Amino acid sequence: MLPFHDPAHRFRSAPSIETERLVLRGFELSDLAYFVNFFADVDASRYVGGPNSSEDAWRRMLAGSALWQLTGIGMWAVTRRNDDTAIGHVGFFDFMRESDPSIIGEPEMGWILAPAAHGHGLAREACEAILKWFEGHFGKRAIWALIAPGNEPSMKLAAKLGFVRQADGTYKDAAETFWLRPA
């Protein structure tokens with residue numbers, strides 16, 4: 001089975017998307033500081049598999065970037081329009097997760113912002129922009145989001161974006177909440 005991918009393979013790198021306050025762009029080497037800092041922070045990364053070493057943070061960054069080359073979807077760095085420093089990352093992917101239920105072959109969406117960027121509506125702004133991009137290129141499709149139990153801010157954002165909580169499942173033998181944005 002193959003992961004979700006763009007059959008026309010139109011995007012080999014992240015296209016730039018601008019919103020009122022943000023620029024979403026492909027990862028740059030300078031974004032590594034954001035990744036290392038975020039994934040080293042015990043509190044910030046607790047819901048997304050952290051904390052992680054610098055090596056693992058680097059691998060996460062590489063994976064988000066490499067997805068574009070292989071599948072035509074991937075991750076964007078989130079930066080403020082007035083400052084090119086990464087404050088988060090968002091995107092679409094299919095990591096072929098060994099989850100129950102399985103979502104292999106389906107697009108999944110994720111969003112992570114540094115704690116300093118929380119509470120300003122930036123995650124919603126970035127997510128709405130990439131959902132518009134996705135629908136413009138792939139049409140209305142069901143999209144999954146997996147959110148760790150207890151991550152209430154992410155669950156609230158998922159609901160605002162049109163995701164509906166499904167029956168809970170497991171990922172890596174741990175409880176996980178499953179959210180689906182219907183087509």
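Basis for what follows: all heavy atoms, side chains included, without hydrogens, waters or symmetry-related copies. For the single chain, residues carry numbers from 1 onward in sequence order. Worth saying up front: this structure is predicted, and the values here are computed from it rather than measured.
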> Once you round to the nearest 0.5 Å, how far does CG of L157 lie from CD of E152?
12.5 Å
> D31 and G26: which non-hydrogen atoms are nearest, and at how many Å?
OD2-O, 4.1 Å
> For the atom pair CZ (R12) and OG1 (T71), what is the distance rounded to the nearest 0.5 Å?
10.5 Å
> What do you reckon, are the aromatic ring centroids of W111 and W76 less than 6.0 Å apart?
no
> Kindly work out whether a path of hydrophobic side-chain contacts (I/L/V/M/F/W/Y, heavy atoms less than 4.5 Å apart) joins M155 to V90.
yes
> Is there a donor-acceptor contact under 3.5 Å from the side chain of D94 to the main chain of G105?
yes
> Any side-chain donor-acceptor pair under 3.5 Å between E125 and T19?
yes
> Using the six-membered ring of F39, assess whether NZ or CZ of R59 lies under 6.0 Å from its centre and within 45 degrees of the ring axis.
no
> Would you please test E106 and W144 for side-chain contact (heavy atoms from CB on, under 4.5 Å) and show each step?
CA-CA 7 Å; E106 300 296 324; W144 289 94; 3.6 Å; yes
> So, W68 versus F27, ring centres under 6.0 angstrom or not?
no
> Decide if atom CD of E98 counts as having more than 12 heavy atoms of other residues, nucleotides or ligands within a radius under 6.0 Å.
no
> Do you know which two heavy atoms are closest between P107 and A142, and how far apart they sit?
CG-O, 3.3 Å
> Any idea how F93 and F95 line up, ring-wise: parallel (<30°), tilted (30 to 60°), or perpendicular (>60°)?
parallel
> For the atom pair CD (E20) and CG (L122), what is the distance rounded to the nearest 0.5 Å?
10.5 Å
> Are V23 and I17 connected, step by step, through hydrophobic side chains (Ile, Leu, Val, Met, Phe, Trp, Tyr) whose heavy atoms are closer than 4.5 Å?
no
> So H89 and F35, would you call those rings parallel, tilted or perpendicular, with 30° and 60° as cut-offs?
tilted
> CD/E176 to CG/D168 distance, rounded to the nearest 0.5 angstrom?
9.0 Å
> If you count every heavy atom of other residues, nucleotides or ligands that lies below 6.0 Å from D83 atom CG, does the total exceed 12?
yes
> Please tell me whether I73 and M75 are part of a single hydrophobic cluster in this structure, the criterion being side-chain heavy atoms less than 4.5 Å apart.
no
> Are I112 and I147 linked, directly or through other ILVMFWY residues, by side chains that come within less than 4.5 angstrom of each other?
no
> Determine, using the 4.5 Å side-chain heavy-atom cutoff (strictly less than), whether F138 and I104 are members of one ILVMFWY cluster.
no
